Amino acid sequence: MSLTTLAGLAGLGAWGWLLTLRGGFWRIETPPSPSEPKDWPAVVAVIPARDEAECIGGTVTTLLSQNYPGTLSVVVVDDHSSDGTAELARAAAAAIGASDRLTVVAAPDLPPGWAGKMWAQNHGIATARALHPGLDLLLLTDADIEHAPFELRRQVARLLAARLDMASLMVRLPTDGVWERAVVPAFVFFFRMLYPFAWVSDASRTTAAAAGGYVLIRPEALDDIGGVSAIRNALIDDCTLAAAVKRAGRRIQLDLTHDTASSRRYLGPSGLWKMISRSAYTQLNHSPLLLAGTVLAMLLVFVLPPVLVLSGGVAALFGLIAWAAMSLAYAPMVRAYGLPSAWSVALPLVALFFLGATIDSAFQYWRGRGGAWKGRVQDHRRGAKS
């Protein structure tokens, strides 16, 4: 048996395993609608914000306009912004007559050993608990999220009905341009492949993940892990938080939503490249061995099948079947983003883009520039710096 035939067989076997034994990650299912509680818990949303003038107004407006029967307050932590973020947050609340439910505080100076977002979030949570000692739930969200009017009501009902301690949503990411439409669905697809959502919700499995744009959590679950301080230097803070909460014996859940969406724009291939490269090597624990394994796996599973189609013989047949299986798995995500199923056949090309950004992520880390975001660099060899 030739080397190309063996490679084709390996790729085909990989897709057989992914489709049948990887938690059904490729299925897009709508979560059931839960029954609503008689008494609605008090919720405080915490938003770390650093130079978010373009987004903060919409985020504050949509949060304070939630169709939520319980008490909802918002704390915005202005993390040394230079663009008037704090003033715009206050103006947005005032415009809808909700100034009394918004608190804006300034983040203290960033100490050594803390990632910027974690430090701001920690200060926001402390402020929320001091101002609202009776709060029942914390909503940890980002400054670039436009919340659907019913989202909080739905998520609180789900959390209570399923007796969860933490419920997270992967919000809809923007797909305004061709590059975004090509890359964003694949980003979500790869994330679900890495962290099958069914396994995240399964208390018998160790798989844990969350999406930082929307995390609803019980304060006592946060206390169990030692608070945000326990993940103070995490670059991939959402998944790190989920892992810590699940290890503590708490129940977690992660779902997709197409109603609540990110308002951040990636501005073409360079912005998307940075989005991936900022944390890709951190996801691999900064391991050259894991990086090499990832490169080989991506080439074998995603890139090689269409290449083998051109080779002829049995290898071409294996490559064609593997490519078809790949496209079949990816098609539900493509359709979920409003694109024709035919876009799914281009996944090998998109995978090359992700592979390049992942290698660049390692290169930036080795240069001491890992995790650059909003003027800060998170380099785990030296800690966070501003």
Side-chain angles (χ1 to χ4, degrees), residues 1-19 21-23 25-26 179 182-196 207 209 235-236 239-240 266 269-311 315-316 318-327 329-330 333 343-373 378-381:
M1 187 177 291
S2 69
L3 183 60
T4 55
T5 301
L6 283 172
L9 188 59
L12 181 57
W15 276 108
W17 176 78
L18 287 168
L19 286 174
L21 298 174
R22 191 64 187 168
F25 74 94
W26 50 277
W179 278 96
V183 173
V184 165
F187 176 83
V188 182
F189 180 77
F190 289 142
F191 185 90
R192 286 168 61 92
M193 180 183 290
L194 190 61
Y195 302 106
T207 304
L235 180 59
I236 307 176
C239 292
T240 307
Y266 297 109
S270 62
L272 292 162
W273 184 279
K274 290 176 183 177
M275 175 189 74
I276 299 164
S277 67
R278 187 173 76 91
S279 58
Y281 195 47
T282 301
Q283 190 68 63
L284 298 174
N285 296 320
H286 305 120
S287 166
L289 187 61
L290 285 178
L291 176 64
T294 298
V295 171
L296 289 175
M298 290 283 283
L299 290 174
L300 176 67
V301 176
F302 294 100
V303 179
L304 189 61
V307 173
L308 289 177
V309 171
L310 303 176
S311 67
F318 288 158
L320 182 62
I321 297 173
W323 193 4
M326 181 195 320
S327 302
Y330 186 39
M333 183 62 68
W343 279 61
S344 63
V345 300
L347 186 57
L349 291 175
V350 182
L352 280 174
F353 183 88
F354 275 79
L355 190 55
T358 300
I359 294 170
D360 180 61
S361 179
F363 179 66
Q364 296 302 327
Y365 175 79
W366 294 329
R367 292 180 59 213
R369 301 295 301 171
W373 179 251
Q378 175 68 27
D379 184 341
H380 283 232
R381 296 172 300 176

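Since the model is a prediction, treat every value here as computed from it, not as a measurement.
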Legend entry - Nearest-0.5 Å distance, CG of residue Leu9 to CZ of residue Phe318: 5.0 Å

Legend entry - Residues in ring pair (Phe, Tyr, Trp, His ring centres under 6.0 Å) contact with Trp15, at least two apart in sequence or another chain: Phe302

Inset, instruction - Could you check Met298 against Val303 for side chain to side chain contact (heavy atoms under 4.5 Å, CB included), going step by step and ending with a plain yes or no? - result: CA-CA 7 Å; Met298 290 283 283; Val303 179; 5.8 Å; no

Inset, instruction - Starting at CD of Gln364, measure out to NZ of Lys274 and round the result to the nearest 0.5 Å. - result: 10.0 Å

Legend entry - Set of ring pair (Phe, Tyr, Trp, His ring centres under 6.0 Å) partners for Phe189, sequence neighbours left out: Phe25, Tyr330

Legend entry - Under 3.5 Å: donor-acceptor pair, side chain of Arg22, backbone of Leu194: yes

Legend entry - Spatial distance of atom CD1 (Ile276) from atom CZ (Phe354) [nearest 0.5 Å]: 4.0 Å

Legend entry - From CA spacing to verdict: side chain to side chain donor-acceptor pair (under 3.5 Å), Ser2, Thr5: CA-CA 5 Å; Ser2 69; Thr5 301; 2.8 Å; yes

Inset, instruction - Find the distance between CD1 (Ile236) and OG1 (Thr282) and round it off to the nearest 0.5 Å. - result: 5.5 Å

Legend entry - side chain to side chain donor-acceptor pair (under 3.5 Å) involving Trp343 - partner list, sequence neighbours excluded: none

Legend entry - Heavy-atom pair of closest approach, residues Leu347 and Ala186: CD1-CB, 4.0 Å

Inset, instruction - Please identify each residue that fulfils side-chain contact (heavy atoms from CB on, under 4.5 Å) with Val188, with sequence neighbours left out. - result: Met170, Leu173, Arg192, Leu256, Met333, Tyr337

Inset, instruction - Would you name the heavy atoms of Trp26 and Leu19 that are closest together and state the gap between them? - result: NE1-O, 3.1 Å

Legend entry - Heavy-atom closest contact (Ser277 atom, Ser361 atom, distance): O-OG, 2.6 Å

Inset, instruction - Rounded to the nearest 0.5 Å, what's the gap from CG on Leu355 to CG on Leu299? Could you check? - result: 5.5 Å

Legend entry - Considering all heavy atoms, the nearest Ala14-Val301 contact: CB-CG2, 3.9 Å

Legend entry - Closest non-hydrogen atom pair between Ala7 and Leu300, with its separation: O-CD1, 3.6 Å

Inset, instruction - For residues Ala316 and Ser311, report the shortest heavy-atom separation together with the two atoms involved. - result: N-OG, 3.8 Å

Inset, instruction - With sequence neighbours left out, write down each residue that passes side-chain contact (heavy atoms from CB on, under 4.5 Å) with Ala209, or none if nothing qualifies. - result: Phe191, Tyr195, Val200, Cys239, Leu254

Inset, instruction - For Val345, enumerate each residue passing the side-chain contact (heavy atoms from CB on, under 4.5 Å) test, keeping only those at least two apart in sequence or located in another chain. - result: Trp323, Ser327

Inset, instruction - Could you tell me the separation between the CE atom of Met326 and the CD1 atom of Ile321, rounded to the nearest 0.5 Å? - result: 13.0 Å

Legend entry - With sequence neighbours excluded, residues passing side-chain contact (heavy atoms from CB on, under 4.5 Å) with Leu284: Tyr281, Leu290, Leu291, Thr294, Thr358

Legend entry - ring pair (Phe, Tyr, Trp, His ring centres under 6.0 Å) partners for Trp179, two or more places apart: Phe353

